[in-house]
Amino acid sequence: MPAASRILVVDDDPALAESFQLLLQSTWEVLTAGTGLEALDSFTRTPPDLVLLDQRLPDISGMTILRLMRQMSPTIP
């Protein structure tokens with residue numbers, strides 16, 4: 001993937017989100033969100049090329065977030 005590709009990591013565990021960021025940052029521009037609302041905000045402001053999404057978030061379920069993201073952009077994995 002080109003360095004400009006963007007991934008959105010959504011997880012309420014800061015250590016896990018940071019681990020993903022450290023692992024992926026050499027290849028991807030990594031954005032992180034700790035809640036569903038943060039994820040949706042980031043998704044609309046800076047659309048990613050890929051989303052890694054936790055199913056259990058403190059405010060909105062991951063499945064609900066997934067459905068909303070799919071409605072906005074059905075081609076993003």
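Minimum heavy-atom separation, Gln21 to Thr32: OE1-CG2, 4.2 Å.
Heavy atoms of other residues, nucleotides or ligands lying less than 6.0 angstrom from CD of Gln55 number 12 at most.
Residues that satisfy the side chain to side chain donor-acceptor pair (under 3.5 Å) test with Arg45, not counting sequence neighbours, are Asp41. Thr35 meets the side chain to side chain contact (heavy atoms under 4.5 Å, CB included) test with Leu37, Glu38, Pro58, Asp59; sequence neighbours excluded.
No continuous path of hydrophobic side-chain contacts links Leu50 to Leu8 [ILVMFWY only; heavy atoms under 4.5 Å]. Linking Ile, Leu, Val, Met, Phe, Trp and Tyr residues whenever their side-chain heavy atoms come within less than 4.5 Å places Leu66 and Leu31 in a single cluster. Ile7 and Ile76 sit in two unconnected hydrophobic clusters of ILVMFWY residues. Membership requires side-chain heavy atoms under 4.5 Å apart, directly or through other members. Connection of Met72 to Met63 is established within a shared hydrophobic cluster, with ILVMFWY side chains joined at heavy-atom distances below 4.5 Å, either directly or through further cluster members. Residue Val30 is grouped with residue Leu52 when hydrophobic side chains (ILVMFWY) are merged at heavy-atom distances under 4.5 angstrom, including chains of intermediate members.
Trp28 CH2 to Asp49 CG: the interatomic distance, rounded to the nearest 0.5 Å, is 6.0 Å.
Pairs of residues two or more places apart, or lying in two chains, that qualify as side-chain hydrogen bond (donor to acceptor under 3.5 Å, both in side chains) and include a residue from residues 66-77 are Thr64-Arg67.
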For a side-chain contact (heavy atoms from CB on, under 4.5 Å) check, start with the C-alpha distance between Ile65 and Val10, then their side-chain angles and the critical distance, and finish with the verdict. CA-CA 10 Å; Ile65 297 298; Val10 184; 5.8 Å; no

